[in-house]
Amino acid sequence: TDTVAPSVPGNVTATVQNASSAQVSWTASTDNVGVTGYEVYRNGVKVGTSATTSYTDNGLSAQTSYSYTVKAIDAAGNLSAFSAAALVTTPAGNSVTIYYKQGYSTPYIHYRPAGGTWTTAPGVAIPVSEVSGYNKITINIGSATQLEACFNNGSGTWDSNGGSNYLFGTGTWTYTP
């Protein structure tokens with residue numbers, strides 16, 4: 001029976017793809033019989049396997065640091081030791097800032113990143129801004145490029161652009177009801 005573990009994967013690198021994804025790559029391991037795959041670990045926890053020398057890790061959080069290590073495995077199930085760690089930090093992601101000209105005395109925004117999940121109605125109260133007469137909110141939308149939103153007074157009165165909702169691209173916007 002094969003009891004020889006593969007060599008440790010070398011030259012592990014982690015490259016940010018976007019605010020929620022990183023690609024991990026390494027050089028191939030060797031084994032007396034043959035390497036059948038690799039196990040990829042994020043912060044010490046196994047997150048996936050790969051038959052090649054790369055792995056894309058999705059579902060990461062924006063503005064977060066991660067450490068990746070890799071182990072090689074052979075047909076007999078022998079695992080190499082952990083590789084050296086590769087570190088990566090995801091960027092802040094996309095955000096939308098909205099200056100809401102005070103229409104409702106206590107405005108709320110009910111929103112979702114385009115294609116994502118809506119907040120629970122009535123949404124989030126929009127704090128008073130540093131600009132007189134406006135409320136202001138900044139919302140991180142991750143890798144999405146638009147925010148879909150509607151506004152309300154927190155008590156059942158809605159402004160949803162006639163049922164079509166409002167779309168805001170990344171950046172800063174001023175909204176006047």
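Values in this document were obtained by computation on a predicted structure and should not be read as measured data.
Residues D2 and N32 meet the side-chain proximity criterion, which asks for heavy atoms closer than 4.5 Å. Residues K101 and T174 form no side-chain contact, since every pair of their non-hydrogen atoms from C-beta on lies 4.5 Å or further apart. The side-chain heavy atoms of K46 and V40, taken from C-beta on, include no pair separated by under 4.5 Å. Inter-residue side-chain proximity for T13 and V24 is flagged as unmet; no heavy-atom pair is nearer than 4.5 Å. Y55 places a side-chain heavy atom less than 4.5 Å from the side chain of V47. Between I139 and L147, some side-chain heavy-atom pair lies under the 4.5 Å cut-off. Y66 places a side-chain heavy atom less than 4.5 Å from the side chain of S61. Side-chain contact check for I137 versus T97: every heavy-atom pair is 4.5 Å or farther apart.
Residue D74 comes nearest to P6 through the heavy atom pair N-CG, 3.9 Å, listed as atom of the first residue, atom of the second, then distance. Of all non-hydrogen atoms in N78 and A5, the two that sit nearest each other are CB-CA, 3.8 Å. The shortest heavy-atom contact between A14 and A86 is N-CB, 3.8 Å. The two residues P127 and A125 come nearest to each other via the heavy atoms CD-O, 3.4 Å. The minimum heavy-atom distance linking P177 with Y100 is given by the pair CG-OH, 3.7 Å. Of all heavy-atom pairs spanning N165 and C150, the tightest one is OD1-CB, 3.7 Å.
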>> As a quick check of understanding, evaluate side-chain hydrogen bond (donor to acceptor under 3.5 Å, both in side chains) for S21 and N58, giving each step before the final call.
In response: CA-CA 4 Å; S21 176; N58 295 305; 3.0 Å; yes
>> side-chain hydrogen bond (donor to acceptor under 3.5 Å, both in side chains), that's the test. Do T90 and T64 meet it? Break it down for me.
In response: CA-CA 5 Å; T90 53; T64 305; 4.5 Å; no
>> Could you go through F82 and Y41, starting from their C-alpha distance and side-chain angles, then the distance that decides it, and tell me whether this counts as ring pair (Phe, Tyr, Trp, His ring centres under 6.0 Å)?
In response: CA-CA 9 Å; F82 280 107; Y41 295 78; 4.9 Å; yes
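A donor-acceptor contact shorter than 3.5 Å links the side chain of T119 to the backbone of Y111. Using modelled atom types, one side-chain atom of S83 and one backbone atom of V70 make a donor-acceptor pair closer than 3.5 Å. Side-chain atoms of N153 come within 3.5 Å of backbone N or O of T157 as a donor-acceptor pair. When atom types are taken as modelled, the side chain of N161 and the backbone of S164 share no donor-acceptor pair closer than 3.5 angstrom. Within the 3.5 Å criterion, the main-chain N or O of A72 finds a donor-acceptor partner in the side chain of S80. In terms of modelled atom types and a separation under 3.5 Å, the side chain of T53 and the main chain of A28 share no donor-acceptor contact. A side-chain donor-acceptor contact under 3.5 Å links Y38 to the backbone of S29. For the pair T27 (side chain) and G10 (backbone), a donor-acceptor distance under 3.5 Å is present. N94 places a side-chain N or O within 3.5 Å of a backbone atom of A144 that can act as its donor or acceptor partner.
From N135, atom CG reaches atom OG of S129 across 7.5 Å, with rounding to the nearest 0.5 Å. In this structure, the separation between NE2 on H110 and CH2 on W118 is 5.0 Å, given to the nearest 0.5 Å. In this structure, CD1 in I126 is found 5.0 Å from CD1 in I109, a value given to the nearest 0.5 Å.
Note: the hydrophobic cluster containing Y104 does not contain W158 (ILVMFWY, side chain heavy atoms under 4.5 Å, direct or indirect links). W26 and V8 fall into different hydrophobic clusters, where Ile, Leu, Val, Met, Phe, Trp and Tyr residues are linked whenever their side-chain heavy atoms come under 4.5 Å apart, directly or through other members. Following chains of ILVMFWY side-chain contacts shorter than 4.5 Å, one can reach Y166 starting from I98, so the two form part of one hydrophobic cluster. A continuous path of ILVMFWY side-chain contacts below 4.5 Å connects V16 to L60, so both sit in one hydrophobic cluster. A single hydrophobic cluster is seen to contain both I141 and F151, as judged by linkage of ILVMFWY side chains at heavy-atom distances under 4.5 Å, directly or through other members.
Between the side chains of S25 and S54, no donor-acceptor pair of N or O atoms lies under 3.5 Å.
Taking the charged nitrogens against the carboxylate oxygens, R112 and E148 do have a contact shorter than 4.0 Å, which makes a salt bridge.
For Y99 and Y175, the distance between ring centers is not under 6.0 angstrom.
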